[in-house]
Student: 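Input: one structure, supplied below.
The analysis underlying the following values was restricted to heavy atoms, covering all of them including side chains, and did not include hydrogens, waters or symmetry mates. Just follow the structure's listing: the first ligand is 1, and inside any ligand the first atom is 1.
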Amino acid sequence: MSDKKSIQDLLNMLAVGETLSAAQEKKMKDHLFWNSQPVPKLDESIKEEGPIDSPKTPADIPDQPLPLLPEFEWSTVDIDDDKQLDELYDLLYENYVEDTDATFRFKYTHDFFKWALKPPGWRKQWYAGVRVKSSKRLIAFIAATPVTIKLNKSNKTMDGAEVNFLCIHKKLRNKRLAPVLIKEITRRVNKENIWQALYTGGAVLPTPLATCRYQHRPLNWPKLHDVGFSHLPADKTKASMIAHYALPNATKLPGLRKMTPDDVSDTLKLLNAYQKRFDIVQEFTEKEFEHWMLGEESVVKAYVVEKEGKITDFFSYYLLPFTVLENKLHDELGVAYLFYYATDADNGYKNRLTDLINDALVTAKSFSADVFNCLTCQDNTYFLKPCKFGSGDGFLNYYLFNYRTFPMNGGIDKETKQVAEDETSGIGVILL
Ligand code: MYA
């Protein structure tokens, strides 16, 4: 039996048992699953910060995974095995996040996975897959990586997991498999005595701690126009758009250079001091910081500014290209994503951030990035306008599992969803 056929058969079979009444469908829209989880309710007003579930120990957690339908089996994806990494790539390539009209898809590479999935402290069993028993085809996946979460206002630090790459084969959607994957990764994380998790998503679920908006800065406007990413405003010419987005060939800040392993300690100190301005941040050990900044040269780029032997600023971004579907001129789009940055500038803070990010744009262009993306998190709203970013259609919700926090500023006006210029957001943690 071919894989295609076996999936179709399973679908037919699932459809028989799972025909939903309109009332059931409505209930699901009411978050049947999420309302059973330790997350704040959508309309809850938070009076006190802290964990939601009563304390447990790993011994209270079942040793065995949740049962699946008999046709499926759990399979921990061994990310050290290139063949299994290929299977993960295929699953995500075909089925992971697309834009609404299916023009672009994330183009993951082995190097990207190694960087994203193997930070210090990564656990083998935190890469949970589901396979079709008969064909062994991978049809669903969810990943967790360790993260230390710090809430600055309450000065609370906790070991957590960052959950990402939740993906179900397109033909097995809307069958309530996602809750099973989420419960299984929760079990595996809890078994390690970890009870909180961070995750982000476009979907609005109970309950975001903040919502940020995507921002895009064209670096190669003609190409973005060719692939339908950027449109030509009626009152502009192509030449005027190109001139508007032109960048200098060289960076501007004196002392800017690539970060090296010797810079890790001082740069982390700079970041730690800088991150105090946000409500929620990621706390790094030096080893972790080195991995996230320098771990995979083709994927992540980090630069520091050194002045008289002192690191005064730094920025980093990662590269994750898009595959462009059904376009005659281009099949790939280079995309850079702003990661962590910091500066010790106090006076002229906004200008300093603007100069720093402009230099990030110049360097990203040299790595064939066609567009530079960021969110309205961190202090990004200070430089978005002067650096010529524009608001995208997409929003990203930040979530914290099993912990109530007061709502945080996501860098946009809650009503109009426009960028709240020159306003510190509460969000200092960046998820891939
Ligand atoms: S975000 C990226 C998510 N992936 C994609 O968008 C890829 C393309 N889409 C798919 O593969 C599927 O549509 C997915 C849903 C798998 C997303 N986060 O099985 P279902 C809820 C959380 O019938 P499907 C990322 O990776 C939905 O509200 N829940 O749905 C972070 C409904 O519940 P309720 C989601 O469409 C992931 C239920 O699932 C999401 O076939 C963080 C329906 O299930 C979503 N993105 O599959 C996961 N989408 O009725 C949470 C739908 O209650 C981690 N749902 O509304 C939590 C922490 C766990 C660890 C804790 C340790 C302490």
Side-chain angles (χ1 to χ4, degrees), residues 7 10-11 14-15 18 20 24-42 51-53 55-58 60-61 66 68-69 72 88 91-100 102 104-106 108 116-117 123 125-130 138-149 158-209 394-403 431-432:
I7 284 191
L10 288 170
L11 268 175
L14 280 167
E18 292 218 355
L20 302 173
Q24 275 174 313
E25 271 188 18
K26 184 169 178 315
K27 243 187 160 182
M28 287 189 182
K29 286 202 189 85
D30 292 341
H31 302 300
L32 205 58
F33 168 64
W34 277 109
N35 283 339
S36 73
Q37 296 300 297
V39 291
K41 303 278 176 271
L42 275 172
I52 296 169
D53 250 353
K56 292 193 190 99
T57 69
D60 301 325
I61 304 299
L66 281 156
L68 291 166
L69 281 170
F72 299 108
L88 178 59
L91 174 74
L92 295 182
Y93 181 81
E94 296 293 338
N95 304 284
Y96 204 52
V97 186
E98 281 172 3
D99 61 319
T100 38
F104 307 109
R105 249 176 224 181
F106 288 124
Y108 292 108
L117 300 179
R123 321 286 213 276
Q125 66 277 20
W126 284 7
Y127 304 110
V130 173
L138 185 69
I139 52 93
F141 181 74
I142 191 163
T145 46
V147 61
T148 305
I149 305 163
M158 47 202 165
D159 287 337
E162 196 175 300
V163 179
N164 207 339
F165 301 111
L166 167 62
C167 184
I168 295 175
H169 192 286
K170 278 182 183 164
K171 292 195 168 167
L172 294 166
R173 298 271 170 90
N174 301 313
K175 310 266 169 229
R176 313 300 293 176
L177 182 55
V180 181
L181 287 161
I182 294 169
K183 282 192 229 165
E184 176 56 13
I185 201 72
T186 304
R187 188 189 71 80
R188 294 182 187 203
V189 170
N190 285 167
K191 272 286 174 201
E192 301 282 312
N193 201 21
I194 291 173
W195 309 91
Q196 271 74 38
L198 259 179
Y199 51 104
T200 54
V204 179
L205 310 163
T207 293
L209 53 96
F395 293 86
L396 191 71
N397 301 293
Y398 273 77
Y399 300 96
L400 190 51
F401 187 89
N402 191 23
Y403 206 88
L431 277 74
L432 306 182

Student: Which atoms of ligand 1 sit under 4.0 Å from any heavy atom of C167?
Tutor: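 The atoms of ligand 1 under 4.0 Å from a heavy atom of C167 are 11 (O).
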Student: Apply ring pair (Phe, Tyr, Trp, His ring centres under 6.0 Å) to F395 and list each qualifying residue two or more places apart in sequence or on a separate chain.
Tutor: none
Student: Counting both backbone and side chain atoms, is some N or O of G201 under 3.5 Å from an N or O of ligand 1?
Tutor: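 Among all N and O atoms of G201, none is under 3.5 Å from an N or O of ligand 1.
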Student: Look at the side chain of N397 and the backbone N and O of A203, then say whether any donor-acceptor pair between them is shorter than 3.5 Å.
Tutor: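 A pair under 3.5 Å: yes.
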Student: Quick check: Q196 and ligand 1, any N/O pair under 3.5 Å apart?
Tutor: no
Student: In ligand 1, which numbered atoms sit nearer than 4.0 Å to a non-hydrogen atom of T200?
Tutor: 1 (S), 25 (C), 31 (C)
Student: Given L177 and I139, is the side-chain contact (heavy atoms from CB on, under 4.5 Å) satisfied, shown in steps?
Tutor: CA-CA 11 Å; L177 182 55; I139 52 93; 4.1 Å; yes
Student: For ligand 1, is any non-hydrogen atom under 4.0 Å from N35's backbone (N, CA, C, O), its side chain (CB onward), both, or neither?
Tutor: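 Contact part for N35 vs ligand 1: neither.
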Student: Examine the proximity of ligand 1 to L166 and report which part, side chain or backbone, both or neither, has a heavy atom under 4.0 Å away.
Tutor: both
Student: Out of N402, I168, L32, L396, who is nearest to atom 47 (O) of ligand 1 when you count heavy atoms only?
Tutor: I168
Student: Would A197 count as being in polar contact with ligand 1, using the rule that some N or O on each side must be under 3.5 angstrom apart?
Tutor: no
Student: Between ligand 1 and A161, can you find any atom pair, the residue atom being a heavy atom, that is separated by under 4.0 Å?
Tutor: no
Student: Identify the residue among T186, I194, I52, N190 that makes a side chain to side chain contact (heavy atoms under 4.5 Å, CB included) with N402.
Tutor: I52
Student: Could you walk me through whether W195 and M158 pass the side-chain contact (heavy atoms from CB on, under 4.5 Å) check?
Tutor: CA-CA 9 Å; W195 309 91; M158 47 202 165; over 6 Å; no
Student: Just to check, does V180 reach to within less than 4.0 Å of ligand 1 when the distance is taken from its heavy atoms?
Tutor: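 Distance cut 4.0 Å: V180 fails for ligand 1.
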Student: Could you walk me through whether E94 and H169 pass side-chain contact (heavy atoms from CB on, under 4.5 Å), step by step?
Tutor: CA-CA 8 Å; E94 296 293 338; H169 192 286; 6.0 Å; no
Student: Counting heavy atoms only, which of R176, E192, E184, R173 is nearest atom 20 (P) of ligand 1?
Tutor: R176
Student: As a check for students: among F165, W34, F141, identify the option with a heavy atom nearest to atom 21 (C) of ligand 1.
Tutor: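 Heavy atom nearest to atom 21 (C) of ligand 1 belongs to W34.
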Student: Which atoms of ligand 1 are found less than 4.0 Å from any heavy atom of N164?
Tutor: 26 (O)
Student: Which bit of W195 is near ligand 1, meaning a heavy atom under 4.0 Å away: side chain, backbone, both or neither?
Tutor: backbone
Student: Within a distance under 4.0 Å of any heavy atom of L205, pick out the atoms of ligand 1 and give their elements.
Tutor: 18 (N), 22 (C), 28 (O), 29 (N)
Student: Is the shortest N/O to N/O distance between T186 and ligand 1 below 3.5 Å?
Tutor: no
Student: Would you say ligand 1 has an N or O under 3.5 Å from any N or O of N190?
Tutor: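 No, since none of the N or O atoms of N190 sits under 3.5 Å from an N or O of ligand 1.
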Student: Is the shortest N/O to N/O distance between F33 and ligand 1 below 3.5 Å?
Tutor: yes
Student: What atoms in ligand 1 come closer than 4.0 Å to a heavy atom of V189?
Tutor: 62 (C), 63 (C)
Student: Compute the shortest N/O to N/O distance between Y199 and ligand 1 and return yes if it is under 3.5 Å, no if not.
Tutor: no
Student: Taking T200 for the side chain and L396 for the main chain, is one N or O donor matched with an acceptor at less than 3.5 Å?
Tutor: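 Judged by distance alone, no pair lies under 3.5 Å.
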Student: Charged N to carboxylate O below 4.0 Å: is that the case for E192 and R188?
Tutor: no
Student: Under 3.5 Å between any N/O of I185 and any N/O of ligand 1: does that happen in this structure?
Tutor: no
Student: Nearest heavy atom to atom 39 (O) of ligand 1: which of A178, P206, G202 does it belong to?
Tutor: A178
Student: Decide side-chain contact (heavy atoms from CB on, under 4.5 Å) for W34 and V39; before the verdict, give the C-alpha distance in whole Å, the side-chain angles of both, and the deciding distance to 0.1 Å.
Tutor: CA-CA 7 Å; W34 277 109; V39 291; 3.9 Å; yes
Student: Looking at every non-hydrogen atom in both residues, tell me the closest pair between L32 and R176 and how far apart they are.
Tutor: CB-NH2, 3.9 Å
Student: Using every non-hydrogen atom in the two residues, find where I185 and A143 come nearest and quote the distance to one decimal.
Tutor: CD1-C, 4.4 Å
Student: Checking N164 now: which residues fulfil side-chain hydrogen bond (donor to acceptor under 3.5 Å, both in side chains) with it, not counting sequence neighbours?
Tutor: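 For N164, the residues satisfying side-chain hydrogen bond (donor to acceptor under 3.5 Å, both in side chains) (neighbours in sequence not counted) are Y96.
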Student: Mark up the atoms of ligand 1 that fall under 4.0 Å of a heavy atom belonging to L177, in ascending order.
Tutor: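 Contacts of ligand 1 toward L177, numbered from 1: 19 (O).
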Student: Taking N or O atoms only and a 3.5 Å limit, does V163 qualify as a polar contact for ligand 1?
Tutor: no
Student: Give me the one residue out of F141, Y108, Y127 that meets ring pair (Phe, Tyr, Trp, His ring centres under 6.0 Å) with F165.
Tutor: Y108
Student: Would you find a donor on one side and an acceptor on the other, under 3.5 Å apart, between the side chain of K191 and the backbone of I61?
Tutor: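 Side chain of K191 to backbone of I61, a donor-acceptor pair under 3.5 Å: yes, one is there.
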